[in-house]
Amino acid sequence: MNAPHQLPRKLRVATTSLSGCFGCHMSLLDIDERLLELAHLVEFDRSPITDIKHCGPCDIGLVEGGVCNAENVHVLRELRANCKVLVALGACAVNGGLPAQRNNVDVNKCLTQVYRNADGVVQVPNDPELPLLLDKVYPINEIVRVDYFLPGCPPSGDTIWKFLTDLLTGRTPRIEHPLLKFD
Ligand code: SF4
C-alpha cells in the first residue's frame, strides 16, 4: 500500500453540486492546510473550483446535493460515465436531505405558491433555458450507481480527509465514531 506522498501518479478528481448548498464543498475546503497535500496527490477535473465545463475521465467523483431538476440528471450521468468511483457526499446526495422536504408538496402547487405576486398573479418562469424541476428530489443512487456514501450535513473536513486519504491510498474507506455523523 502506498503512502499518500508515494502515489505513482496524480489521481484525477471531479466534484459537483447538484441540488446542494455548497456546504459540502466548503467542508472540503475545511481541510485547511491539508489542501496543499491534496494538491500534490490529485488534480481536479470538472468542479466548482476549476473552469472545466464537462467531466473527462476521472478516478473519483464527489457529488454534493440530491437530484431536483433535469440538468442535475444530465450532470450526474456525465460524472458516473467518467468516474471510476462515485461518492455521494453529504446528506442531500445520500438521501435527498432537507431539500427533499418538498416531496411532501405537489411540485406544481409549490411553483404556483412561490411565483404568485402580491396581486395574486402567477408567473412561473418558463424560459426553455431553465431546467425543468422533477416531480421529487431524489438521492443520487436512485439515478445512478453509487460506490460510497459519506453522510453528514455536511461531513466535516476531518471526515472528508480521512475518507479521501483512505481512498487515495487504496484502503477501503472506514469512518468511525466520532467522525461519522448524520447532521
Ligand atoms: S448535505 Fe448539508 S451541507 Fe451538504 S449540500 Fe446538503 S444541505 Fe448543504
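Indexing begins at 1, ligand by ligand and atom by atom, following the structure's order. Throughout, numbering of the chain's residues begins at 1 and tracks the sequence.
Remark: side-chain polar atoms of Lys136 are not paired, donor with acceptor, to backbone N or O of Tyr138 under 3.5 angstrom. Panel note: side chain Asn82, backbone Cys55; a donor-acceptor pair is recorded below 3.5 Å. A donor-acceptor contact shorter than 3.5 Å links the side chain of Lys162 to the backbone of Arg174. With hydrogens and angles disregarded, no donor-acceptor distance shorter than 3.5 Å links the side chain of Glu64 to the backbone of Leu89.
At a 4.0 Å cut-off, not a single heavy atom of Gly97 sits close enough to ligand 1 to count as contact. Residue-ligand proximity: Gly152 is placed with a non-hydrogen atom under 4.0 Å from ligand 1.
Between the side chains of Ser17 and His25, no donor-acceptor pair of N or O atoms lies under 3.5 Å.
Taking atom 4 (Fe) of ligand 1 as the reference point, the nearest protein heavy-atom neighbour is Cys24 SG, 2.3 Å. Protein heavy atom closest to atom 1 (S) of ligand 1, with residue, atom name and distance, is Ala91 N, 3.3 Å.
Here is the list of ligand 1 atoms found below 4.0 Å of a heavy atom in Cys21: 3 (S), 5 (S), 7 (S), 8 (Fe). Listed by number with element, the atoms of ligand 1 under 4.0 angstrom from any heavy atom of Glu64 are 5 (S).
The closest heavy-atom contact to atom 7 (S) of ligand 1, among the options Ser17, Gly23, Cys153, Pro154, comes from Cys153.
Minimum interatomic distance between Val144 and Arg77 (heavy atoms only, all atoms of both residues): CG1-CG, 4.1 Å.
For Cys92, the nearest N, O or S atom to atom 6 (Fe) of ligand 1 falls under 2.8 Å.
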